[in-house]
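What follows is a set of notes on a single structure, which appears directly below.
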Protein chains: 4
Amino acid sequence: MEAFSDGVLAIIITIMVLEFKVPEDHDWGALVELGPKILSYIFSFVYVGIYWNNHHHLLHMVRNMSGRLMWLNLLLLFWLSLVPFTTAWMGESHFAGTPTALYGIILMLAAFAYWLLQRAIIKQHTSDSAFVMAVGRDIKGKISPFLYLIAILTAYVSPWISGFFFVLVAVIWFVPDKRIEHALRSR
Amino acid sequence: MEAFSDGVLAIIITIMVLEFKVPEDHDWGALVELGPKILSYIFSFVYVGIYWNNHHHLLHMVRNMSGRLMWLNLLLLFWLSLVPFTTAWMGESHFAGTPTALYGIILMLAAFAYWLLQRAIIKQHTSDSAFVMAVGRDIKGKISPFLYLIAILTAYVSPWISGFFFVLVAVIWFVPDKRIEHALRSR
Amino acid sequence: MEAFSDGVLAIIITIMVLEFKVPEDHDWGALVELGPKILSYIFSFVYVGIYWNNHHHLLHMVRNMSGRLMWLNLLLLFWLSLVPFTTAWMGESHFAGTPTALYGIILMLAAFAYWLLQRAIIKQHTSDSAFVMAVGRDIKGKISPFLYLIAILTAYVSPWISGFFFVLVAVIWFVPDKRIEHALRSR
Amino acid sequence: MEAFSDGVLAIIITIMVLEFKVPEDHDWGALVELGPKILSYIFSFVYVGIYWNNHHHLLHMVRNMSGRLMWLNLLLLFWLSLVPFTTAWMGESHFAGTPTALYGIILMLAAFAYWLLQRAIIKQHTSDSAFVMAVGRDIKGKISPFLYLIAILTAYVSPWISGFFFVLVAVIWFVPDKRIEHALRSR
């Protein structure tokens with residue numbers, strides 16, 4: 001399951017670059033025009049990187065692979081597979097309201113699928129296991145939907161405010177869950 | 001063999017998204033126009049997901065890898081590699097008769113290749129093994145061609161009727177074969 | 001090395017499908033126009049499949065991975081990476097002379113790189129090993145360049161004659177090397 | 001981590017070929033026009049090949065995978081993911097000043113990320129380990145930035161001079177680090 005997921009994530013992260021159409025001009029000005037697309041790409045690269053990172057740790061906690069888990073994993077990959085499209089639309093539109101809001105919605109749905117997957121994996125462990133206690137309170141997971149919601153709504157006000165909240169979620173998740181990492185090592 | 005197959009399936013599932021051309025407008029109306037393409041994508045995502053899921057279980061039952069098995073596997077991947085094209089055509093045409101019928105034909109041929117692969121793997125097991133008994137009657141495999149055939153023919157009548165039968169096949173196969181899963185675990 | 005090679009081959013085989021532009025018409029006639037492209041795709045799918053199959057067996061005979069081997073492997077992948085381009089050109093041109101000749105040249109160069117890789121791996125084994133004896137005479141490898149050469153030259157005469165020789169090489173290599181397979185198993 | 005990195009590198013190396021648009025003409029002259037693009041592709045193929053090769057060796061020296069290492073690895077992949085774009089721009093512009101300079105800048109940033117990754121892995125080893133002593137002086141790593149800088153600046157003078165320095169860096173790194181290879185084997 002990890003090989004397939006890793007493959008899908010690797011492709012998602014790489015095909016986003018296909019959206020950078022080769023400019024006709026051959027000066028630095030041509031790159032400036034690509035600016036919003038590049039910024040949009042950096043955002044998504046970091047987000048997919050975060051998912052890969054955490055997903056990687058999470059899958060190591062799977063005790064037995066069930067059909068249910070496989071489909072929850074596919075649900076997560078489904079939302080993430082739409083990231084290249086929303087990334088391109090957001091960049092192309094210079095962070096216009098609707099494309100930026102859609103970007104947030106897709107990320108929020110991916111986060112929800114991740115939460116479902118995590119919950120299904122938790123059920124395979126006893127409630128006093130190091131892993132369950134590590135993700136137990138899951139403050140990140142509880143705050144994220146609210147931050148996404150603010151980012152989605154403020155997309156119509158200003159891309160800067162919306163972008164701030166996207167960056168905030170990224171920063172929160174940037175550091176991989178030390179506790180899972182620790183729980184893994186102490187097994 | 002599984003790494004290669006997983007790679008191909010991961011790419012198939014992801015390049016389908018490349019068909020979502022970035023809309024020129026920046027409002028929700030632009031997404032409505034993409035509607036049939038998105039619906040078509042969801043269909044194929046689920047179908048490829050089902051294949052990945054069952055294929056994954058099936059390959060675990062392989063006793064020894066022969067050239068014959070490798071080519072049957074490639075035959076399956078060949079038909080599945082055409083799914084992104086038929087998906088795009090079906091979506092682009094708003095589920096017109098011929099593209100929808102072709103979609104069903106490709107899926108039916110993939111199902112046939114899967115059946116050949118399964119049969120070749122069954123031959124490596126004794127007839128009283130848990131695996132052979134699990135897939136032995138293979139009711140799913142026997143019903144599917146008929147359902148595909150109905151979906152193909154009704155594509156010219158109404159996309160809704162045709163779509164119903166596509167969904168029906170998907171639902172039947174959605175749940176991974178509990179019996180193979182069980183046979184695997186009890187080895 | 002195998003994971004990387006498998007990845008590249010999986011991508012090569014799948015991105016060829018991106019050349020099938022979605023037709024504007026929605027009838028079977030639209031597919032007829034795609035005919036030469038589809039035929040061209042089938043050819044390349046089988047060829048890349050053959051390489052994957054034999055490459056897979058060959059890499060299992062590697063004793064120790066050196067930089068030299070890695071670069072010979074990359075040389076093979078380089079030529080194979082050009083297959084999607086020549087496949088598209090040959091199909092698009094309805095098997096015109098030059099594109100078909102180029103197709104043969106690229107395949108011949110890939111075959112040469114494969115031969116170099118095989119020779120480097122043979123050197124890691126004693127001359128009386130089952131593997132060396134298996135590929136020792138290597139009749140396939142010796143005949144192939146001549147068949148490719150004929151296919152390349154006759155491309156300007158008739159695509160049918162040229163195609164016949166391409167099919168001939170494919171048929172020769174289609175069956176994976178039973179002897180390597182056997183040598184592998186008896187290790 | 002290696003599977004994901006290998007996947008990304010495999011995709012990077014393969015999607016570059018998508019930039020070779022199928023020519024409308026069907027003669028050898030059409031290929032001549034593609035010349036700069038093909039040359040540009042060969043460059044990048046070799047560069048990504050070098051990274052894959054050295055990266056492969058480097059990752060084998062990782063003692064324990066931390067979040068920090070994962071992100072340094074992603075930083076390297078980020079710069080490399082921009083290679084297909086700069087490759088296409090450089091080829092399309094027939095090695096014009098700015099695109100060639102950008103090509104060098106991206107490669108220099110990738111080299112810097114590689115150096116950061118290497119440094120982080122070195123810290124996991126005692127200073128007298130075979131691995132640390134092997135890369136210890138790291139003459140290649142110290143010379144490369146200067147050569148890249150010269151290649152970037154001379155891009156505005158002549159693509160030939162600039163190209164010479166790109167080739168020079170490639171040649172230096174072409175041979176995989178024998179010492180790491182040796183250190184690996186003697187573990």
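We use all heavy atoms of the structure for the numbers below, so side chains are in, but hydrogens, waters and symmetry mates are not. Reminder, nothing fancy here: chain letters follow the sequence lines and each chain counts from 1. Because the structure is predicted, anything quoted here is derived from the model rather than measured.
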> Would the number of heavy atoms belonging to other residues, nucleotides or ligands and lying under 6.0 Å from OH of A:Tyr156 be above 12?
Replying inline: yes
> Would you find more than 12 non-hydrogen atoms of other residues, nucleotides or ligands less than 6.0 Å from B:Trp160 atom CH2?
Replying inline: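 Atom CH2 in B:Trp160 is not packed in, count stays at 12 or less.
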> Considering only heavy atoms, which portion of B:Ala30 lies under 4.5 Å from any heavy atom of chain A: side chain, backbone, both, or neither?
Replying inline: side chain
> Of B:Trp52, B:Phe4, B:Tyr51, which is the lone residue that meets ring-ring contact (aromatic ring centres under 6.0 Å, His included) with A:Phe4?
Replying inline: B:Trp52
Interface residues of [range] facing chain B - non-hydrogen atoms under 4.5 Å apart:
{"range": "residues 86-109 of chain A", "answer": "A:Ala88, A:Trp89, A:Glu92, A:Ser93, A:Ala96, A:Thr98, A:Pro99, A:Ala101, A:Leu102, A:Ile105"}
{"range": "residues 33-41 of chain A", "answer": "none"}
{"range": "residues 10-27 of chain A", "answer": "A:Ile11, A:Ile12, A:Ile15, A:Leu18, A:Glu19"}

> Does the pair B:Val46 and A:Phe78 meet the rule for a side-chain contact (heavy atoms from CB on, under 4.5 Å), with working shown?
Replying inline: CA-CA 9 Å; B:Val46 172; A:Phe78 176 76; over 6 Å; no
> Partners of B:Leu75 by side chain to side chain contact (heavy atoms under 4.5 Å, CB included), sequence neighbours excluded?
Replying inline: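 Result, side chain to side chain contact (heavy atoms under 4.5 Å, CB included) vs B:Leu75: B:Trp79, B:Ala113, B:Leu116.
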